[in-house]
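Counting convention: from 1, in listed order, for ligands and their atoms alike.
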Amino acid sequence: MSNFKLTMDKIVNLCKNRGFVYPGSEIYGGFANTWDFGPVGVELKNNIKKAWWKRFVQESQNTYGVDAAILMNPTVWEASGHIASFGDPKMDCKSCKQRFRADTLIENHSKGSISAEAMTNEQLETYIQEHHLTCPHCGSFNWTPIRKFNPMFVTSRGTLEADADKVYLRPETCQGEYVNFLNVQRTSRAKVPFAIAQIGKSFRNEITPGNFLFRTIEFEQMELQMFCQESQSMSIYEYYKEKALEFVEDLGLKSENLRFHDHDKLAHYAKAACDIQYNFPIGWQELNGIHHRGIWDLSRHQEYSGKNMSYVDPFTNEKFIPNVIEYSIGADRLTLALLCQAYDEETLENGETRVVMHFHPAIAPYKVAILPLQKNLSEKAQEFYSLLSKEFMCDYDETGSIGKRYRRQDEIGTPFCITIDFETLENNSVTIRDRDTMQQVRLNQEELVNYISKRIKFN
Ligand code: ATP
């Protein structure tokens with residue numbers, strides 16, 4: 001029976017104590033909104049990334065993977081519009097530490113009747129004072145002065161920190177697909193509709209608080225850009241909405257914790273946009289986005305690069321710039337959702353509480369733990385470790401009581417624990433315990449690989 005309130009603190013503590021995720025640069029007092037994945041966490045996240053790649057690239061015949069450079073020609077960020085948004089007027093609420101765009105606050109307050117874009121910082125501040133605009137998050141009237149904010153991290157190439165040498169850490173991976181649209185189309189002889197997919201790091205000078213892995217300044221995106229004809233675009237958009245939902249449900253997120261959220265405010269070039277939200281301990285929040293971006297991205301790259309980004313239909317000879325449907329999900333944010341979903345505190349018959357992570361076995365960090373009942377069974381246990389670690393990620397633990405060792409494995413979500421006992425020495429049979437039911441069966445060595453393989457697959 002489970003009866004507990006899930007909080008982000010519980011997840012953060014478990015992650016820190018069991019080796020999922022540690023605070024970044026911890027021995028130096030940390031570094032805000034950065035986190036390091038530990039030995040258990042890196043397995044979990046890798047399994048999630050592998051599952052995504054398998055579903056969206058390996059099993060999708062018209063999708064091609066790339067791994068583009070993080071540092072790109074700076075003109076890319078002019079084409080994408082990021083450089084134009086440099087210096088957005090931002091201010092912080094000193095009470096709740098949230099940061100907002102001053103012009104957006106004014107436009108929202110005036111219900112769109114005022115265009116604040118062209119206002120100076122002084123005019124913005126005067127309006128906010130005169131109309132007593134309070135913090136939309138906590139309701140206080142406690143603002144810092146307005147400051148310009150840079151959404152991208154900037155570094156420099158060469159020895160001088162001159163403007164001409166500025167390079168940017170990419171704030172989104174998708175530009176790597178757009179700039180390679182012609183290359184991939186040509187080398188793969190791809191026919192529209194086709195998608196280019198990528199998993200890679202993005203960097204954002206985030207302006208709102210992190211909430212653990214939810215919002216970090218460095219994170220991994222798993223995303224694809226589908227290039228298509230305009231006439232196909234809405235049905236492809238709908239297709240990815242469903243496929244994106246199905247994927248996270250298959251990974252273990254419960255449907256009652258998931259919902260679509262259609263955007264009512266669209267970018268001027270966008271035809272449709274939708275998030276899938278997950279019910280995190282901090283409330284319903286975006287898990288991934290599906291966006292119909294029209295021909296905006298390829299047209300902009302055509303304009304800034306001078307290269308013709310058109311596609312010629314081999315059957316009709318029609319020449320056109322394809323529409324883009326984007327599907328993007330953060331690997332770290334999805335990892336957080338799966339950690340929240342998996343967490344359980346069960347009250348056992350003896351009144352004790354068992355913390356258990358009910359990950360789908362396919363994404364569990366370790367598939368098997370090998371536990372010799374006593375230390376003098378180590379040699380035999382090592383034999384099993386050598387055999388099984390060729391097939392699965394295995395943990396090995398011979399320290400402490402068997403009960404405590406089971407609890408530790410429950411807390412990192414290991415679906416199977418194999419106990420080596422004295423009978424193993426006689427006939428090579430072991431007990432194998434199921435994490436969720438805690439039931440044990442006895443199996444022979446040669447049955448193990450098959451038994452485990454069958455149970456760790458997606459259905
Ligand atoms: P948000 O509104 O939460 O800032 P966004 O709309 O800016 O997100 P996109 O640019 O569409 O996000 O990025 C796609 C996905 O990348 C998001 O749905 C999310 O899963 C992930 N993501 C975006 N920003 C971050 C971040 N700072 N930290 C972790 N993951 C992020």
Side-chain angles (χ1 to χ4, degrees), residues 8 11 15 21 24 31-37 41 45 48-49 52 56 77 80-82 85 88 90 98-101 104 136-137 149-153 169-178 197-226 237 240-241 244-245 247-248 251 253 257-267 269-270 272-280 282-293 296-297 324-341:
M8 199 64 103
I11 300 291
C15 282
V21 182
F31 190 57
N33 295 347
T34 66
W35 299 91
D36 295 340
F37 282 81
K45 191 162 126 178
I48 292 168
K49 288 191 287 183
W52 188 89
F56 289 97
W77 306 113
S80 71
H82 283 86
S85 72
D88 284 343
K90 301 275 168 51
Q98 297 265 10
R99 187 168 289 160
F100 300 91
R101 279 183 66 149
T104 311
H137 185 246
F149 212 81
N150 185 348
M152 286 195 286
F153 289 105
L169 297 189
R170 67 180 176 198
E172 56 187 24
T173 47
C174 56
Q175 299 302 331
E177 280 105 297
Y178 303 143
Q198 173 164 220
I199 298 180
K201 283 236 166 169
S202 289
F203 305 82
R204 291 186 192 175
N205 199 1
E206 285 290 1
I207 58 165
T208 40
N211 283 313
F212 192 36
L213 299 178
F214 183 79
R215 192 179 300 286
T216 50
I217 56 174
E218 175 184 338
F219 57 98
E220 272 181 291
Q221 287 186 300
M222 309 189 286
E223 49 85 27
L224 60 84
Q225 309 296 316
M226 168 65 88
Y237 170 77
Y240 276 109
K241 276 174 69 171
L245 183 67
F247 173 67
V248 291
L251 247 54
L253 298 184
N257 288 327
L258 291 164
R259 69 181 187 196
F260 286 118
H261 172 251
D262 291 313
H263 294 201
D264 25 64
K265 253 181 126 184
L266 296 177
Y269 52 81
C274 168
D275 300 335
I276 291 177
Q277 295 185 331
Y278 178 73
N279 190 10
F280 288 94
I282 50 170
W284 288 95
Q285 297 285 346
E286 171 176 339
L287 179 64
N288 70 222
I290 300 116
H291 304 133
H292 187 317
R293 302 181 58 90
W296 166 257
D297 305 283
V324 168
I325 306 299
E326 169 182 70
Y327 155 51
S328 177
I329 181 161
D332 312 77
R333 202 175 280 185
L334 178 56
T335 303
L336 175 62
L338 289 161
L339 282 162
C340 295
Q341 186 70 73

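- Residue contacts with ligand 1: Ile329 is placed with no nitrogen or oxygen under 3.5 Å of a nitrogen or oxygen of the ligand (distance criterion only).
- For Glu223, the closest heavy-atom approach to ligand 1 does not fall below 4.0 Å.
- Here the heavy atom of the protein found nearest to atom 22 (N) of ligand 1 is Phe219 CE1, 3.5 Å.
- A donor-acceptor contact closer than 3.5 angstrom is absent between the side chains of Glu206 and Asn33.
- From the protein, the heavy atom lying nearest to atom 27 (N) of ligand 1 is Glu206 OE2, 2.7 Å.
- Residues Lys241 and Asp262 are paired through a salt bridge, judged by an N-O separation under 4.0 Å between the basic side chain and the carboxylate.
- The ring of Phe214 has its center no closer than 6.0 angstrom to the ring center of Phe212.
- A side-chain donor-acceptor contact under 3.5 Å links Glu223 and Gln225.
- Taking atom 14 (C) of ligand 1 as the reference point, the nearest protein heavy-atom neighbour is Ser328 OG, 3.1 Å.
- For atom 12 (O) of ligand 1, the nearest protein heavy atom (residue, atom name, distance) is Glu286 OE2, 3.6 Å.
- Applying the side chain to side chain contact (heavy atoms under 4.5 Å, CB included) rule to Phe31 yields the partners Ser25, Thr34, Ile217; only residues at least two apart in sequence or on another chain are considered.
- Residue-ligand proximity: Gln221 is placed with a non-hydrogen atom under 4.0 Å from ligand 1.
- In this structure, Asn288 has a heavy atom closer than 4.0 Å to ligand 1.
- Looking only at heavy atoms of the protein, atom 4 (O) of ligand 1 is closest to Arg215 NH1, 2.6 Å.
- Among protein heavy atoms, atom 11 (O) of ligand 1 sits closest to His291 CE1, 3.6 Å.
- For atom 7 (O) of ligand 1, the nearest protein heavy atom (residue, atom name, distance) is Arg204 NH1, 3.0 Å.
- Within the 4.5 Å cutoff, no side-chain heavy atoms of Asp275 are placed close to those of Ile290.
- Near Leu287, meaning under 4.0 Å from one of its heavy atoms, ligand 1 places the atoms 18 (O), 19 (C), 20 (O).
- With distances taken over non-hydrogen atoms, the option nearest atom 29 (C) of ligand 1 out of Tyr327, Phe214, Phe203 is Phe214.
- Given atom 28 (N) of ligand 1, the protein heavy atom at minimum distance is Thr216 N, 3.0 Å.
- Of the listed residues (Tyr237, Phe56, Phe247), just one forms a ring-ring contact (aromatic ring centres under 6.0 Å, His included) with Tyr327, and that residue is Phe56.
- The shortest heavy-atom contact between Leu336 and Asn211 is CD2-O, 4.1 Å.
- With a heavy-atom cut-off of 4.0 Å, Leu334 does not touch ligand 1 at all.
- For the salt bridge (charged side-chain N to carboxylate O under 4.0 Å, His left out) criterion with Glu220, the lone passing option out of Arg170, Arg333, Lys49 is Lys49.
- Under 3.5 Å, the side chains of Glu172 and Gln221 contain no donor-acceptor pair of N or O atoms.
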